[in-house]
Amino acid sequence: MTLVANPRYVGEPIPLVLDGDETCLQLRSVRMNGQELREGVDYELAPGRLLLKTPVDGAVVQTVVDLVPEENTQLSGLYKDEASAMYCTQCEAMGFRRITYYPDRPDNMATFTSVRLEADKERYPILLSNGNRLDQGTVPEDDSRHYAIWSDPFPKPSYLFAAVVGKLGSIRDSYTTVSGKKVQLEVFSEPRNVHKLSYAMESLQRSMQWDEQRFGLEYDLELYNVVAVDSFNMGAMENKGLNVFNTAYVLADEGTATDTDFERVEGVIGHEYFHNWTGNRVTCRDWFQLTLKEGLTVFRDQEFSGDMNSKPVKRIEDVRVLRARQFSEDAGPMSHPIRPESYISMDNFYTGTVYIKGAEVIRMYQTILTPEGFNKGMKLYFECHDGSAVTCDDFLAAMADANNVDLTQFALWYSTPGTPTVQYETSYADGTFTLKLSQSSRSVTPMHIPVAFGLLDKATGQEVVPTTVLELKEASQVFTFDGLEGDVVPSLLRDFSAPVKLEPVSGEVDESDLAFLAARDTDGFNRWDAGQRLYTSLIFQTLNDQISSTTQAFVDEAFRMALEQKTTDYSIQAYALTLPSESTLSEEMKIVDPVGLHEARGKVKKALARKYESEIRTTYDGLTETMQAETEFKVDAEAIGRRRLRNTLLEYLCSIRETDQEQIAAAELAMKHFQNAKGMTDKIAGLGALASMDGEGADARDEAMQTFYDDAEGDALVLNKWFMTQAVADLPDVLNRVKKLKEHPDFTLKNPNRCRSLISAFAMNSAAFHDESGEGYKFLGSTIAELDKLNPQISSRMASSLIQWRRYDEERGQLMKAELEKLNAMKLSEDLFEIVSRGLK
Ligand code: HT7
Ligand code: ZN
């Protein structure tokens with residue numbers, strides 16, 4: 001590397017810090033301008049760093065290190081993927097320092113002009129790195145070896161460096177950009193998976209076109225490579241011109257991937273591609289600014305997926321994830337602002353808060369400034385900061401300056417942890433509707449909260465006040481709407497315009513309004529949400545054994561209407577028929593009762609299934625007939641929606657199994673669904689239903705599990721589904737099953753996907769994991785300890801369920817805490833130590 005003195009620095013030269021992880025690097029030599037440097041004289045080695053005592057402006061520094069990728073089980077730095085035998089890198093956030101000594105910080109943007117890779121030709125025919133390939137050929141001294149030289153003209157921080165060396169298959173295509181440049185696209189995987197790459201390629205082409213159309217952003221290199229790797233800590237990585245992907249987010253075909261997998265492939269391919277501008281061209285000054293690139297890029301991928309499929313469906317899905325995942329994170333000891341203020345290990349801050357709440361914050365800019373204003377802000381952001389490492393404040397300033405508005409108060413979203421609450425109070429007299437909004441949050445001063453609002457005529461369902469964005473900026477504010485006639489119903493926080501909890505001041509939600517909105521709201525998101533609130537009410541009434549007949553009647557009506565809806569928007573219909581998840585429901589409880597909640601939700605589900613069994617069956621059979629008549633397998637919105645709806649109905653039908661007779665009928669239905677499935681979506685839905693069957697359904701369950709396993713023929717992603725289905729089953733002895741599966745020859749703690757599919761999935765099986773014996777906690781605690789020795793990024797993530805112990809009753813809480821204390825007494829990785837110690841604080 002060539003050193004360049006910081007032109008802003010004045011004073012005596014100070015030592016230059018090169019970061020390096022001595023636990024995996026063996027330093028051989030350091031040279032400056034060709035001269036070998038002496039340890040203790042010219043440089044010093046300390047834990048985590050090498051100090052160059054007298055750096056010289058313009059000097060060329062060379063470091064030579066040894067490392068053993070085969071032993072790198074952390075999957076950070078350079079490692080060997082066992083499944084494919086390929087070597088690959090993962091440098092974000094701090095993996096480059098596990099490859100060599102270097103100023104490994106995001107604001108050090110350098111051009112990597114000649115990355116030379118060399119390997120055995122036969123065993124490693126593919127040699128890839130960032131940018132464009134300058135040269136390749138046979139090594140002159142040894143014709144069994146070859147080399148490639150890569151050069152990336154764009155300055156980049158080291159976290160965006162990548163190299164891949166292996167025996168890979170690929171598919172190739174191209175994309176001609178809006179200005180007529182032809183870009184070569186290539187997607188690589190293990191040769192046996194090449195037939196599963198076309199959806200990723202098509203998604204990439206769609207992403208490139210969408211970014212040009214929506215934001216005027218064009219791709220900038222001559223080629224774009226994507227590599228699928230089985231062992232990967234996260235979803236994917238946006239390395240410049242050489243994305244590395246977890247196989248789970250690239251490989252997809254109808255036989256092995258569900259519709260959700262297809263949707264994820266499209267979303268994650270888009271996400272990594274969009275990083276080329278929001279992350280790579282403009283990057284983060286420091287890791288506290290992570291949401292600058294991640295929140296913005298998640299927002300961009302959400303918008304992309306919404307445009308490719310259905311906007312309301314995508315919004316519902318995104319808010320479901322936010323509520324289930326981020327709200328609980330924000331209510332626990334890992335609560336942090338989207339721009340965190342401190343960390344021990346940065347890897348622990350790739351969180352739901354930074355990513356998905358971060359995306360909600362970006363969405364609020366758009367809501368406040370309008371899409372046109374938002375686009376103006378984006379344009380200015382790139383004009384001012386292309387090629388730089390900047391901050392969230394710079395982004396906010398671009399939005400404010402481009403629109404000539406003051407966003408000072410909005411900046412509180414970057415520094416305030418926790419989920420704000422917005423309370424509302426309404427009155428209506430003499431044709432004037434009055435709405436009082438108040439806010440409370442962990443910010444000392446009020447936040448800037450956009451509340452999208454509409455009013456509907458109660459008699460006709462017509463919008464009398466179309467969606468209007470109310471800007472709540474004070475602790476409490478009153479808004480009036482006059483000139484109205486007849487009764488009206490308010491629709492608040494339309495399209496979920498801010499990541500807040502909404503509640504009436506009185507504490508009593510008007511359920512008749514909810515029932516009206518569930519049937520007639522013109523805002524698709526709020527129509528769905530009103531139904532969810534009614535279901536929530538009934539589930540809690542069931543839990544407390546105090547069912548109100550009025551609530552029951554509203555729920556019945558909402559469910560029946562959703563069921564009988566004549567629409568082709570089958571996904572919306574499916575979501576309207578789906579009860580809120582246990583994790584979303586638990587957000588409503590001060591002290592979470594996981595088993596009670598599981599039972600209450602189950603009871604409501606079964607009661608609805610019994611009440612509407614014949615209507616459910618008719619719709620299910622109708623869909624089955626339509627689908628059987630189809631000759632072509634499609635993954636468009638309509639086909640996905642149809643499968644989603646039919647699988648939702650299957651769940652209801654299979655929940656009716658009190659008597660032996662009913663158990664047999666449910667097992668037969670699920671088995672038929674499983675056996676006749678045309679793709680993985682239906683197959684896994686059938687298997688999922690069978691997985692929880694016992695008694696008269698046990699034989700069918702075991703038979704289907706075996707068939708599914710055999711059909712998988714060792715396919716890693718399909719086997720993950722097999723493990724997961726069993727880990728989340730609703731069976732009394734699920735923990736023993738999981739323990740046995742952990743010893744299965746196909747199980748390994750070394751592969752993060754496999755770990756997540758069994759261990760993390762079990763921790764999400766709330767009733768089983770939280771069994772009052774505490775055995776679930778013990779199992780997780782000991783597995784985390786085992787895993788921490790291999791892969792701290794994954795072990796620390798697995799501890800996230802245990803640190804929620806304060807949310808549970810005394811007995812459960814103490815049992816969970818005891819596991820954290822056991823871990824705390826061990827020698828832990830930094831990553832896990834940070835989570836455990838936060839959990840015990
Ligand atoms: N930007 C990428 C982050 C990432 C990562 C972070 C820590 C450890 C491993 C990792 N692999 C990828 C992913 C993204 O948001 O696009
Ligand atoms: Zn990202």
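Quick caveat, the model's predicted, so the values are computed rather than measured. Indexing begins at 1, ligand by ligand and atom by atom, following the structure's order. All residue numbers in this chain count up from 1 along the given sequence. What's counted below: heavy atoms across the whole structure, side chains too, no hydrogens, waters or symmetry copies.
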Would you please indicate if the ring centroids of [X] and [Y] are separated by under 6.0 Å?
{"X": "W277", "Y": "F382", "answer": "yes"}
{"X": "Y365", "Y": "F395", "answer": "yes"}
{"X": "Y381", "Y": "F215", "answer": "no"}
{"X": "F288", "Y": "Y343", "answer": "yes"}
{"X": "Y273", "Y": "W210", "answer": "no"}

Counting only nitrogen or oxygen atoms and a 3.5 angstrom limit, does [X] reach ligand 1?
{"X": "E272", "result": "yes"}
{"X": "E294", "result": "yes"}
{"X": "E238", "result": "yes"}
{"X": "H271", "result": "yes"}

### Task
Verify the distance test for E272 against the Zn ion (ligand 2): any N/O/S atom under 2.8 Å, yes or no.
no
### Per-residue contact class, S76 against ligand 1 - non-hydrogen pairs under 4.0 Å
neither
### Query
Got the closest protein heavy atom to atom 13 (C) of ligand 1, with its distance?
A236 O, 3.0 Å
### Query
Which residue and non-hydrogen atom of the protein lie closest to atom 7 (C) of ligand 1, and at what distance in Å?
E92 O, 3.5 Å
### Query
Can you check whether V354's main-chain N or O pairs, donor with acceptor, with T291's side chain at less than 3.5 Å?
yes
### Message
Check contact between K293 and ligand 1, using heavy atoms of the residue and a distance below 4.0 angstrom.
### Response
yes
### Query
Which distance, rounded to the nearest 0.5 Å, do you find between the NZ of K721 and the CE of M724?
8.0 Å
### the Zn ion (ligand 2) - name of the N/O/S atom of E294 that sits closest to it
OE1
